[in-house]
Amino acid sequence: MSKATKPAAENAAAKRKLTRAEKREIEAIIRKYKGDGKPHTAQDTIPYQTMHPDGICHLGGRSYSKSIEFFDVNYQLAQPDDQTAIFEYLCDLYNYLDASIHVQLTFVNRKTDREQLAQSFEIPLCGDGLDHIRQENTGILKRQLERGNNGNVKTKYLTYTIEADNLKAARARLTRIETDLLGYFKVMGAAARALDGKDRLEVLHGIMHPDGERFSFDWNWLAPSGLSTKDFIAPSSFAFKNSRMFQMGGKLCAASFLQIITPELNDHVLTDFLDTDSGIVVNLHVQALDQSEAVKMIKRKITDLDAMKIQEQKKAVRDGYDMDILPSDLATYGGEAKKLLNELQSRNERYFMITFLVLNYGDTRRKLENDVFRAAGVAQKYNCQLTRLDFQQEQGLVSSLPLGVSQIKITRGMTTSAVAIIVPFVTQELFMGGDAFYYGLNAKSGNMIMLDRKNARSPNGLVFGTPGGGKSFSCKREMVSVILKTGDHVIVCDPEGEYAPLVKLLHGQIIRLSPTSTDYVNPLDINLNYSEDENPLALKSDFVLSFCELIMGGKAGLEAIERTVIDRAVQRIYQPYFADPCPENMPILSDLHDALTAQHLPEADRVAQALDLYVSGSLNFFNHRTTVDAGNRFVCYDIKELPKNLKKPGMLIIQDQVWNRVTLNRNAGVSTWYYADEFHLLLKEPQTAAYSAEIWKRFRKWGGVPTGATQNVKDLLSSPEIENILENSDYICMLNQAAGDRKILAERLNISSEQLKYVTNSAPGEGLLFFENVILPFVDHFPKDTELYRIMSTKPSEVNGQ
C-alpha cells in the first residue's frame with residue numbers, strides 16, 4: 001500500500017462499525033488489564049492509607065476526611081413551617097461549604113443478625129413462680145420482631161474531605177468544620193455525633209458485610225499481628241468479573257448512578273429509595289464550585305447559546321424563513337441559563353456538582369436484578385434514570401464507602417435549593433438497649449419501639465386516651481415489663497378496680513381501701529429517709545397541712561395560726577417514734593387530734609373538730625396503723641369502693657405512701673414506678689394537685705417514675721398545675737382522642753395535622769408516642785391468644801369470657 005493511500009484506509013477503518021465478536025474481544029482485553037479476571041484484595045480496593053484513632057482518615061496525598069453520624073427527625077410528620085425551617089437550615093449547611101470541602105452523604109440500609117436480636121429479648125428465668133409469664137412475654141416480643149422491620153438497620157453519615165499539608169494542619173481544620181456541622185444538625189433538631197476511628201471502621205465493615213457479621217477490632221492488635229486496619233474490615237474477597245456487577249464476599253452487588261434529567265426533584269426522593277427491605281447504600285457526593293468560577297461558567301454557556309442563536313438566525317435569513325423561529329431546545333436552554341445566572345447573582349444560591357450513586361446487594365443474581373429494577377422504578381417516578389456503571393463497578397463501590405472519595409466523574413450541576421430539596425430525613429426511630437421495654441411498632445417504618453424511660457432526662461409520663469382506646473392496657477403492658485425484667489417496684493392507684501387480676505397473676509399485694517375492708521393504711525406513716533434534710537418532719541408536716549386543708553375545705557385554705565398549731569402538733573406526736581422507731585410508736589390521726597386539743601387554742605380546736613369525723617366519726621377508716629404488706633414489689637391501692645367524701649383524702653394518702661416507698665427504695669438502689677389512673681381526679685383539688693406537681697418535680701432524683709393516665713383531658717388541662725407536670729414529662733402516650741381534646745393537645749404539644757391523624761378515630765393500641773424530642777406514631781396489636789392479654793384486657797366481652 002502506498003503512503004498516499006494509507007491515511008485514507010485508516011480513516012475508512014475508523015468509520016467501520018465493530019462486530020459483536022470484536023466488541024467481546026475488546027471487553028476481554030479491558031478486563032485483563034483492569035485485573036477484573038481475578039479476585040481483588042482489600043489493599044487494592046479500599047482507597048485509604050491510614051485510619052487514625054481520632055477518626056481522621058488519610059486518603060493519600062494531601063487528602064484527609066472525617067465522618068459524622070446523624071439521626072433522623074420527623075420531617076414527614078412535621079408542621080409545614082417546621083419542614084420549611086429544616087429546608088432552610090439545609091440550605092445554610094450547603095452554603096457553608098466552600099470549594100475546598102468535598103461532602104459525601106451516605107445512607108445505609110443493611111440487615112442485622114435477627115437471631116442475635118431475638119436473643120436480646122429473652123428474659124432470664126428467676127425461679128420466683130413467674131417464669132412461665134417471662135417465657136410467654138419473650139415469645140410475644142419475638143413475634144412482634146417478626147412483624148417489624150428491625151432486621152434492617154438504617155444509618156446516615158456525612159463525610160467531609162479537605163486537603164492539607166500534614167496531619168496536624170488537617171486535624172485543626174477538620175475539627176473546626178466538625179463543630180460547625182454539628183451546630184447545623186443541632187438547629188435542625190437532629191442528633192449527631194462525630195465518629196472516631198473505630199466507629200468509622202465499623203461502618204465500613206458493616207457496608208462490606210451486609211449480612212450483619214460482628215465487627216471485632218482493637219488498636220492494640222495492629223502491631224503484634226502485622227495487619228492493617230483494612231484487614232479487619234474487608235470481606236473474604238472482591239471479584240469484579242462482570243462489567244455490570246461484582247461479588248463482595250458472599251454477596252452480589254451492582255453500582256448505579258442516578259441521571260437527574262428532571263429540572264426539579266422533591267423531598268421524598270431519598271425516602272423512596274431507602275424504603276425497602278433489601279440492602280442498599282445511597283450516596284450523594286456534593287462538591288461546591290467557587291462562586292466567581294460558577295458565574296463565569298454560566299456566562300460562558302450563555303455566550304455559547306447566544307452564538308448558536310445567531311447562527312440559527314443567519315441560517316433562517318439564508319433559507320428565507322422568519323429569523324425569530326428558533327429551535328425549542330435552544331430557546332429553553334437559553335432561558336434556563338439566564339434564570340440560573342440570576343439566582344447565583346441576586347439570591348443566596350451557590351452552585352454544586354452532584355454525583356448520586358446507588359449500590360444494591362443481593363444473595364442471587366435474580367434477587368439483585370429485582371432490587372435494581374425496583375430502584376430504577378423509583379428513579380422513573382421522579383423522571384430520572386438509574387443507569388448501571390458499566391466497567392466502573394469497582395469505582396462505584398469505592399465511591400459508595402463513606403470515606404469522602406468519588407471516583408465517578410458523572411456529575412450534575414445544581415443550585416443550593418435544588419440540592420437541599422433532597423432532604424436526608426424521614427422519620428425517627430426509638431430502639432434503646434439495656435432495660436428498654438417494648439412500646440409497639442413504629443407506624444411509619446414498622447420497626448419495634450424499645451424505650452428505657454429511666455434514661456430519659458425526666459422519666460415522668462402521661463397517658464391520654466378515650467374509653468376503649470387502650471389506656472389502661474398500655475400501662476399494664478409497661479408494668480409487666482417492669483416486674484419481669486427488672487428488680488424495680490410498682491405501685492398503682494386504682495380508682496376503678498381494674499388492675500387486680502394482673503396484680504394477682506404477678507404475685508402482688510392488693511390493698512382495698514373501703515369502710516368494709518380490714519386493709520388499713522396509716523396516713524401518718526414516716527421513715528427516717530422521708531426527706532433529704534436531716535429532719536424528715538419538715539416534709540411530713542407539709543403533707544399533714546395539705547391533708548387538713550383538704551378535709552376542712554374552704555376556698556381560702558388554712559389560716560396562718562391554724563398552720564402553726566398543726567405544725568406544733570406534728571412536732572409533738574413524732575417525738576416518741578424518733579426516740580424509739582418501732583411500729584408501736586408510730587402516731588395515728590387520733591394522736592394528732594389529741595395534740596391539737598391539748599393546745600387549748602380556738603384555732604387548734606377548729607382543726608380538731610374537723611378531724612373528729614375521721615378520728616371517731618363514721619369516716620374513721622384512716623385512724624389505724626398500717627396492717628398490710630406495703631413492701632411487696634407490686635402494690636395496688638384499690639379505692640373503687642371508697643366513699644366519695646373519702647376518695648380525695650384517700651388519693652392524697654396514697655401519694656404519701658408512695659413517697660414513703662420511694663425514699664426507702666432509693667437507699668436500696670431500687671426504682672419505684674407509680675401509676676395514677678384517672679389522674680384528673682388528683683388535679684381537681686388544689687392540695688392533691690400541688691402534691692402531684694411536687695411528685696413530678698422531685699421523683700426523678702429519688703428513683704421514682706410516675707405516670708398519670710386519664711381520659712378527661714379537658715379536666716386535666718383546667719388545673720393550673722398541669723403546666724408543671726407537662727414540662728416535667730418526657731414520656732407522653734396519646735391514644736385515640738375526642739375532637740375537643742385533639743384540638744387542645746395539638747396546641748399544647750405542637751402536634752402537626754399529619755400527626756393528628758394517628759389519634760383520630762384510631763383503633764385500640766394505636767396513637768402517638770412522645771419521648772423527649774421525638775414524636776412517633778405507633779401501633780401495638782398485642783397477641784390475643786396469650787394469658788397476659790386475657791388478664792390485661794378490660795373489654796367487657798373478653799373479661800366476661802375469661
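In this structure, F107 has its ring center no closer than 6.0 Å to that of F273.
Between the S752 side chain and the Q755 main chain, a donor and an acceptor come within less than 3.5 Å of each other. With hydrogens and angles ignored, the 3.5 Å screen pairs a side-chain donor or acceptor of N283 with a backbone N or O of S400. The main-chain N or O of S458 is found under 3.5 Å from a side-chain atom of D730 such that the two form a donor-acceptor pair. The main-chain N or O of L735 is found under 3.5 Å from a side-chain atom of Q737 such that the two form a donor-acceptor pair. D131 places no side-chain N or O within 3.5 Å of a backbone atom of L125 that could act as its donor or acceptor partner. The main-chain N or O of W659 is found under 3.5 Å from a side-chain atom of T663 such that the two form a donor-acceptor pair. K485 places a side-chain N or O within donor-acceptor distance of the main-chain N or O of A436, the cut-off being under 3.5 Å. No donor-acceptor pair under 3.5 Å is formed between the side chain of Q711 and the backbone N or O of E678. Judged by distance alone, the side chain of D494 and the main-chain N or O of Y637 form no donor-acceptor pair under 3.5 Å. N460 places no side-chain N or O within donor-acceptor distance of the main-chain N or O of I725, the cut-off being under 3.5 Å.
A salt bridge between D638 and R512 is present, with a side-chain N of the basic residue lying under 4.0 Å from a carboxylate O of the acidic one. Note on K156 versus D72: salt bridge recorded, some NZ/NE/NH1/NH2 to OD/OE distance being below 4.0 Å. Here E122 pairs with K142 in a salt bridge; the nearest charged N to carboxylate O distance falls below 4.0 Å. Between D275 and K444, none of the side-chain N atoms (NZ, or NE/NH1/NH2) sits under 4.0 Å from a carboxylate O, so this pair counts as no salt bridge. Using a cutoff of 4.0 Å between basic side-chain nitrogens and carboxylate oxygens, E429 and K154 are not scored as salt-bridged. A salt bridge is absent between R374 and D371: the closest approach of a Lys/Arg side-chain nitrogen to an acidic carboxylate oxygen does not fall below 4.0 angstrom. The pair R110-D211 does not count as a salt bridge, with every side-chain nitrogen at least 4.0 angstrom from each carboxylate oxygen. Here R790 does not pair with D785 in a salt bridge; the nearest charged N to carboxylate O distance is not below 4.0 Å.
Counting heavy atoms from C-beta on, the side chains of R453 and T707 come closer than 4.5 Å. Under the 4.5 Å side-chain criterion, counting only non-hydrogen atoms from C-beta, L158 is not in contact with E69. Between I775 and L769, the closest side-chain pair of non-hydrogen atoms is not below 4.5 Å. No side-chain heavy atom of V281 sits less than 4.5 Å from a side-chain heavy atom of N109. Side-chain contact between C253 and N360: absent, with no pair of heavy atoms (C-beta onward) separated by less than 4.5 Å. With contacts defined as side-chain heavy-atom distances shorter than 4.5 Å, the pair I654/I639 qualifies. Residues I732 and F464 have side chains in contact (heavy-atom distance under 4.5 Å, counting atoms from C-beta outward). Side-chain contact between L462 and F770 is absent, with no heavy atoms from C-beta onward closer than 4.5 Å.
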Report the C-alpha separation of I449 and L451 in whole Å, then their side-chain angles, then the decisive distance to 0.1 Å, and conclude whether the side-chain contact (heavy atoms from CB on, under 4.5 Å) test is met. CA-CA 7 Å; I449 300 173; L451 300 181; 4.0 Å; yes

Go through it in stages, so that I can follow the logic: the residues are K367 and S278, the test is side chain to side chain donor-acceptor pair (under 3.5 Å), and I'd like the CA-CA distance, side-chain angles, deciding distance and then a yes or no. CA-CA 9 Å; K367 175 70 168 62; S278 303; 2.8 Å; yes

Should L270 and F425 be marked as a side-chain contact (heavy atoms from CB on, under 4.5 Å) after you check the CA-CA gap, both sets of side-chain angles, and the distance that decides it? CA-CA 8 Å; L270 263 180; F425 303 119; over 6 Å; no

Intermediate values then yes/no, side-chain contact (heavy atoms from CB on, under 4.5 Å), L359 and I280: CA-CA 6 Å; L359 180 67; I280 189 172; over 6 Å; no

Should D488 and R633 be marked as a salt bridge (charged side-chain N to carboxylate O under 4.0 Å, His left out) after you check the CA-CA gap, both sets of side-chain angles, and the distance that decides it? CA-CA 7 Å; D488 297 346; R633 276 192 63 209; over 6 Å; no

Verdict with reasoning, V503 to Q509, per side-chain contact (heavy atoms from CB on, under 4.5 Å): CA-CA 7 Å; V503 179; Q509 169 74 59; 5.8 Å; no

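Residues that satisfy the ring-ring contact (aromatic ring centres under 6.0 Å, His included) test with F185, not counting sequence neighbours, are F70. Checked against ring-ring contact (aromatic ring centres under 6.0 Å, His included), F437 has the following partners two or more places apart in sequence or in another chain: W673. The ring-ring contact (aromatic ring centres under 6.0 Å, His included) check on Y731 picks up Y439, with sequence neighbours excluded. Looking at residues two or more places apart in sequence or on another chain, you find no ring-ring contact (aromatic ring centres under 6.0 Å, His included) involving F634. Checked against salt bridge (charged side-chain N to carboxylate O under 4.0 Å, His left out), D272 has the following partners two or more places apart in sequence or in another chain: K381.
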Determine all donor-acceptor pairs shorter than 3.5 Å in which one atom belongs to a side chain in residues 196-203; sequence neighbours excluded.
residue : atom : partner : partner atom : Å
D196    : OD1  : K198    : N            : 3.2
D196    : OD1  : D199    : N            : 2.8
K198    : NZ   : F217    : O            : 3.2
D199    : OD2  : R193    : NH1          : 3.2
D199    : OD2  : D196    : N            : 3.3
R200    : NE   : S67     : OG           : 3.2
R200    : NH1  : G55     : O            : 2.9
R200    : NH1  : S65     : O            : 3.0
R200    : NH1  : S65     : OG           : 3.4
R200    : NH2  : S65     : OG           : 3.2
R200    : NH2  : S67     : OG           : 3.3
R200    : NH2  : P402    : O            : 3.1

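R700 CZ: 12 or fewer foreign heavy atoms inside a 6.0 Å radius. Sparse packing is recorded around CG of N761, with 12 or fewer heavy atoms of other residues, nucleotides or ligands lying under 6.0 Å away. Other residues, nucleotides and ligands contribute at most 12 non-hydrogen atoms within 6.0 Å of the CZ atom of R366.
In this structure, OG1 on T486 lies 9.5 Å from CG on D452, to the nearest 0.5 angstrom. Atom CD of E772 sits about 9.0 Å away from atom CG of N455, to the nearest 0.5 Å.
For the residue pair M450 and Y438, the shortest heavy atom distance occurs at SD-CA, 3.5 Å. The two residues H489 and N665 have their closest heavy-atom pair at ND1-ND2, 3.3 Å. Listed here is the closest heavy atom pair of P210 and E213: N-OE1, 4.4 Å. Across every non-hydrogen atom of Y499 and C475, the tightest pair is OH-CB, 4.1 Å. Pairing each heavy atom of L368 with each of Y361, the nearest pair is CD1-C, 3.8 Å. When all heavy atoms of G487 and V670 are compared, the closest pair comes out as O-CG1, 3.5 Å.
Side-chain N/O atoms of S472 and E498 include a donor and acceptor closer than 3.5 Å. With 3.5 Å as the limit, one finds a donor-acceptor pair spanning the side chains of Y157 and T155. Defined by atom type and a distance below 3.5 Å, a donor-acceptor pair is missing between the side-chain atoms of H781 and Q144.
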